[in-house]
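Written out below as structure tokens is the structure these notes cover.
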Amino acid sequence: MCSKFIKLILPLPCFFEIALPSDEEPNVFRATAAPQTIACPICAGATVCHDRVLRRFRHGYAWHIGVLWIELFVPRQRCKDCGCTFTFDYGLGLLHSSTEAFRLEITKRCHGRSIAEVAREYKLPYTTVERWFYTYAPNQLVEEEAQHICVDEFALRKGHNYATSVLNAATGRILAIVPHRDQDTIETVLKKVTGKVQTVISDFAPAMVGAIQAVYPTAIHVLDRFHLVQFFTAAQQRRRRYLGEAKKQHKARFIDRCLARKPDELTEEERLFVQQWLLEDFHTKHIYEALNHMRYVLKATTKGQASRRLGDWLTRYQFHDCGVVAKIAKTVVLRKEAMIDTIQSHLSNGIMEGTNNKIKLIKRRGFGYRNDAHLFLRLQLETGH
Ligand SMILES: [Zn+2]
């Protein structure tokens, strides 16, 4: 019964017998291998044991006890035919003082946590855990096929370095990441996706549009609603400094939040404030109206409805007196076809925002990464559900 339990917590090949630990060292288990013939790795000939060394290896972990060690004789063999000598490790992947099973287990524990935290918990040197993680983790990446993908850029260091990522719109998993954000980069990252891609979601940047048309000429290009709404909210925030009265009474963030929300999500009091601010500044009023009109356009369900509503919106704002709104309308009119696809598409970019948030968290958890490849590996491992 007891030995069965030990075999469960310390899985080893069946030819091993595991003895109970001593009272002095309750975390060391002596393992004895049954005699077996060991073939030469070079000529497959018969070998003889000419030496053996008793060594200890980390192999498991138990609460309250800590790391569990196995102790075994590691044989040095000599080939009778070719004279080659080698150490035989019973397929345990013995390296320094751990078995491969242990190293893999520690690598798995690093998911969603920092390496430093895992190293502390298992009382292992930080550099050791780091080395294990970057040795084994790349093999744990699974390839995922996708039909609907989002392509987006994110900052490695704001204002300096950027990277472009592609993610599966269905699962939120990052499928590929490449540093930089020019059109060639976007094409490279898009080409890495496997599967029959039907829809590509991106922001309004011309480089994005060019790359998507080059790599997936038949795919439907959907524009990211979040970025569209952001044009308006960003314009609103730039306009805020002209709101003299409102600024005196309210915090900037409160004003931004009230103006960015949908009117029906505001409280009665907030709605009254918004009405005052709209009276105070001509541009604020028009940006606000244009945003909510655009929200109405985005709610259209059929193609006819979508193009009619979008047409109305453009007629109203394309040559508007308020320059900011006219400028947004100019961007929209350039992507009119994609906009109509966007309105009809059921694909939401919520998953993209979720993943972008996760990227931020992972970056922060590591206090920034010196090695971008390491960050990319982490991101690919830990996004998606
Ligand atoms: Zn040999």
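Remember, it's 1-based here, ligands and their atoms both numbered in the order they're listed.
- The six-membered or imidazole ring of Trp132 lies away from that of Tyr136, with a centre-to-centre distance of 6.0 Å or more.
- In this structure, the side chain of Trp313 engages the main chain of Ala290 through a donor-acceptor pair within 3.5 Å.
- Defined by atom type and a distance below 3.5 Å, a donor-acceptor pair is present between the side-chain atoms of Ser202 and His221.
- In this structure, His320 and Tyr317 have tilted ring planes: the angle between them lies in the 30° to 60° band.
- Sequence neighbours left out, not one pair with a member in residues 322-333 passes side-chain hydrogen bond (donor to acceptor under 3.5 Å, both in side chains).
- Taking the six-membered ring for Trp and the full ring otherwise, His227 and Phe204 have centroids separated by 6.0 Å or more.
- Around the Zn ion (ligand 1), protein N, O or S atoms at less than 2.8 Å comprise Cys40 SG, Cys43 SG, Cys79 SG, Cys82 SG.
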